[in-house]
Amino acid sequence: MRAVWMLGLLSGLGALSWNAALVSDRQIVDGKVSLKHRVLTEAPKSGAINRRVSDLEFTDLQGRAYTLSQLTQRGPVVFVFTATKCPAAQRYTVRINQLYETYRKKGVQLFLVYPNYDDTREAVLQHRREYGLKPPAVHDPEGAIAHAVGATMTPQAVLIDKKMLLRYRGAIDDNRYENRVREHYLKNALDAVLAGKTVKIAAAETFGCTIRYREEAAKEAPITYAKHIAPIMQEYCQPCHRPGEVAPFSLLTYRDAYTWRKEIAKVVEARQMPPWKPVHGYGEFQGERRLTDEQIGMILKWVETGAPMGDPNDLPPPKQFSNDWALGTPDIIAEMPVEYEVGPTGDDEYRHFVIPTNFDEDVFVRAIDIEPGNRNTVHHVIVFLDTSGTARRLDAADPKPGYEAFGWPGFVPAGMLGGWAPGFTPSVLPEGTGYRLPKGADIVLQIHYYRTGKPEKDRTRVGLYLERKPNPQPVGIAWLINPLFRIPAGAERHEVRAYWVAPRDVDVVAITPHMHLLGREMKVEAELPDGSKKTLVWINDWDFKWQDTYHYKTPVKLPRGTRVVVYAYYDNSEKNPNNPHKPPIDVTWGERTQDEMCLVFLHVIGEEGTGFRGGRRGGGGGFFRRSANP
């Protein structure tokens, strides 16, 4: 039985014992995926605050034995619960080292505790080496320390004073991004305890991953992993959640899925995963990564009933993945000029790399494929074209490889070739068409790098597939843009509109919505000459990190005179956790992080009336229109 197999997975290091622990039953996380953190979040729990902790004995990875009562005679004790696979915990490695170095000089004893049953001793040792973690670490696969102090998640901190009273429990601070932190919960609690004062915030919300306690699998249930869940994982999860890909942990096996079952249930219920933003029924797109309501219900029921394995004979054959070019060998491969190193901490980075083409004539690109050089850190890629030389100048002015610009490439693009995001499947334009890649143009890769908590290196490549038929129809890009808006400080749902009128019958093959951090919702609606309306795309939970170009399954036909309207909504209030301004200020159009945009690209067959011709942007001949209030 798999239950027996799971119980024998790991063995602990050293003897861990405790007397009359604070919480005798297994801890339960009753959390949700929050808008602020985009991970599982647990509300503050203050029940154990200022209660005495029973004595604990434990051994660290170096074989040193400790007793909590003896440690507290010397000073306060902090347990920071962490894990080798939790992406939120990885963002705190540098901060943990800083806290350790600062407060050990003041008599505080900080320990890292690895409480997950599936974190092996070897994995913990490797994690500490890889991230350079300095505090003494305890491998606690039975969850003894976590049970004793009521820990439920990683990363989570528990502070115990010299009287063995639990004085703080919760997150280390209030944001996994270091430069966005407003409340230093653990630091403030330590300062208060050391000064003999009351801890003002003694319990704070925790965000991250649930602690995986060793436990038996549930009895057989109608919904099993082997028969029902594994096929869903293969189709929607494993393209990203496998070794070497951008997702922070693997979901290739039952053990993987069982380990992460609580997080899986929460993120699929919130429709945060798989990452697919367009609302169903408002545009039919290629490569749709969207679970049906039935599939979500099945996953939730599976988790509720104990996440049973079922009959191994029901398992589908393992899915074979290839890191080769999905469409075969490209006609042209464009590669970053040099390798780029991404630092371990800070906000996500948006870097642009210029790749000269030096073609002696225009070529037409029917499809692209993108091969990230390091899938651990590359979050998404957008491929722009520049014929003005601006990107080269920006590159030359930046001392590091490429140049930095947020959201926008820093120049008016002469075109776009497409993009890549986790789970990306290359889309192919209709036969006989292609994006024009002008003679002498530069390819500019906009790469969104996710910081992993340690240095990463990347050298991404792009494969171009050309349309070989003579006289291909170029695919142009119509801009629906409104740069003449002001979002008032405090506005929770401010509407901005833009529009474009089709100068001829057009076939729309793809659409690219774009806003920044205040964006919350965008709907693009076509008003046809006969009075009917057709929604081209609707995103009701905008997330800048998951922007994409959406290719239609079949081109959407819009007759001449169709009026395409963009309805964009922004939250410039303090309630928006992504708001870069504290307190909010009025926000207008701009390319910086703290600015906003209202922009949609319509990818249409033919360049006439789009504002582009031969890679040069013109005035639009009366066809390119914009308005704050159409």
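The figures here come from the full heavy-atom set of this structure, side chains too, leaving out hydrogens, waters and symmetry mates.
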>> Can you see whether His516 engages Asp595 through a side-chain donor-acceptor pair at a distance of less than 3.5 angstrom?
In response: no

> Do Trp276 and Tyr550 pass the ring-ring contact (aromatic ring centres under 6.0 Å, His included) test, and can you show the C-alpha distance, the side-chain angles, and the key distance before you say yes or no?
Replying inline: CA-CA 10 Å; Trp276 184 256; Tyr550 304 103; 5.3 Å; yes

> Taking all non-hydrogen atoms of both residues, which atom of Trp589 and which atom of Asn482 are closest, and how far apart?
Replying inline: CE3-O, 3.6 Å

>> Pair Glu431, Arg366 - check side chain to side chain contact (heavy atoms under 4.5 Å, CB included), show working.
In response: CA-CA 8 Å; Glu431 188 175 4; Arg366 191 177 172 204; 3.6 Å; yes

>> Could you check whether any side-chain N or O of Asp369 sits under 3.5 Å from a backbone N or O of Ala326, counting only pairs where one atom can act as donor and the other as acceptor?
In response: yes

> Should Asn579 and Leu517 count as side-chain neighbours, where that means a heavy-atom distance under 4.5 Å?
Replying inline: no

>> Taking the ring of Tyr403 and the ring of His352, is the distance between their centroids below 6.0 Å?
In response: yes

> Taking the side chain from Glu525 and the backbone from Trp538, do they hold a donor-acceptor pair closer than 3.5 Å?
Replying inline: no

> Which heavy atom in Ala414 sits nearest to a heavy atom in Thr387, and how many Å separate them?
Replying inline: CB-OG1, 3.6 Å

>> Looking only at the side chains, is there a donor atom on one of Trp408 and Gln446 sitting less than 3.5 Å from an acceptor on the other?
In response: no

> Would one find more than 12 heavy atoms of other residues, nucleotides or ligands at under 6.0 Å from atom CG of Asn471?
Replying inline: no

>> Looking at Arg351 and Asp398, is any side-chain nitrogen of the basic one under 4.0 Å from a carboxylate oxygen of the acidic one?
In response: yes

> Are side-chain heavy atoms of Asn572 and His494 found at a separation under 4.5 Å?
Replying inline: no

>> Quick check: do Pro87 and Tyr450 have side-chain heavy atoms less than 4.5 Å from each other?
In response: yes

> Salt bridge check: are Asp541 and Arg271 linked by an N-O gap of less than 4.0 Å?
Replying inline: no

> How many angstroms lie between OG1 in Thr562 and CZ in Arg504, if you round to the nearest 0.5 Å?
Replying inline: 12.0 Å

> Considering only heavy atoms from C-beta outward, does the side chain of Val378 approach that of Trp420 to under 4.5 Å?
Replying inline: yes

> Taking all atoms of both residues into account, what is the closest heavy-atom pair of Thr460 and Gly373, and its distance?
Replying inline: OG1-N, 3.3 Å

> Relative to each other, are the rings of His551 and His603 parallel, tilted or perpendicular (30° and 60° limits)?
Replying inline: tilted

> Taking it one step at a time, do Asp543 and Lys277 satisfy side chain to side chain contact (heavy atoms under 4.5 Å, CB included)?
Replying inline: CA-CA 8 Å; Asp543 185 347; Lys277 287 299 179 180; 3.7 Å; yes

> Shortest non-hydrogen contact from Pro372 to Ile370?
Replying inline: CD-O, 3.3 Å

>> Is there a side-chain contact between Phe601 and His514 in this structure, where contact means two heavy atoms from C-beta onward sitting under 4.5 Å apart?
In response: no

> Distance from Ile477 atom CD1 to Thr549 atom OG1, nearest 0.5 Å?
Replying inline: 8.0 Å

>> Tell me the closest heavy-atom pair linking Tyr465 and Thr329, and the distance in Å.
In response: CE2-O, 3.7 Å

>> Restricting to non-hydrogen atoms, name the atom on Cys598 and the atom on Val566 that form the minimum distance, rounded to 0.1 Å.
In response: SG-CG1, 4.2 Å

> Does the side chain of Leu464 come within less than 4.5 Å of Leu437's, by heavy atoms?
Replying inline: yes

>> Closer than 3.5 angstrom, by distance alone: can the side chain of Asp331 be matched with the main-chain N or O of Leu466 as a donor-acceptor pair?
In response: yes

> With a 4.5 Å heavy-atom cut-off, do His280 and Pro278 have their side chains touching?
Replying inline: no

> Checking side chain to side chain contact (heavy atoms under 4.5 Å, CB included) for the pair Tyr236/Gln295: CA distance, chi angles, key distance, verdict?
Replying inline: CA-CA 11 Å; Tyr236 295 98; Gln295 288 170 323; 3.7 Å; yes

> Where does the angle between the aromatic ring planes of His379 and Trp546 fall among parallel (under 30°), tilted (30 to 60°) and perpendicular (over 60°)?
Replying inline: tilted

> In this structure, which one of Glu349, Glu341, Glu178 forms a salt bridge (charged side-chain N to carboxylate O under 4.0 Å, His left out) with Arg451?
Replying inline: Glu349

>> Would you say the ring centers of Phe285 and Tyr552 fall short of 6.0 Å from each other?
In response: yes

>> Less than 3.5 Å apart, any donor N or O on the side chain of Tyr569 or Lys523 sitting next to an acceptor on the other?
In response: no

> In terms of side-chain geometry, is the basic nitrogen of Asp507 or Lys557 positioned less than 4.0 Å from the acidic oxygen of its partner?
Replying inline: yes

> If you round to the nearest 0.5 Å, how far is NZ of Lys319 from CD of Gln238?
Replying inline: 7.5 Å

> Is any side-chain N of the basic residue among Asp348 and Arg180 closer than 4.0 Å to the acidic one's carboxylate O?
Replying inline: no

> Taking the side chain from Asn179 and the backbone from Gly346, do they hold a donor-acceptor pair closer than 3.5 Å?
Replying inline: no

> Ion pair present between Lys553 and Glu288, side-chain N to carboxylate O less than 4.0 angstrom?
Replying inline: no

>> I'd like to know whether His448 forms a side chain to side chain contact (heavy atoms under 4.5 Å, CB included) with Phe544, so could you lay out the CA-CA distance, the side-chain angles of the two residues, the decisive distance to 0.1 Å, and finally the verdict.
In response: CA-CA 11 Å; His448 170 187; Phe544 179 83; 5.7 Å; no

> Is the backbone of Lys439 close enough, under 3.5 Å, to the side chain of Asp362 for a donor and an acceptor to pair up by distance?
Replying inline: yes

> Does Val509 reach the side chain of Pro555, with side-chain heavy atoms less than 4.5 Å apart?
Replying inline: yes

>> Arg459 vs Glu339, test: salt bridge (charged side-chain N to carboxylate O under 4.0 Å, His left out). Steps then yes/no.
In response: CA-CA 5 Å; Arg459 194 172 184 180; Glu339 191 174 62; over 6 Å; no

> Is a donor on one side and an acceptor on the other found under 3.5 Å between the side chain of Glu596 and the backbone of Leu518?
Replying inline: yes

> Does the pair Arg497/Glu495 count as a salt bridge with the N-to-O cut at 4.0 Å?
Replying inline: yes

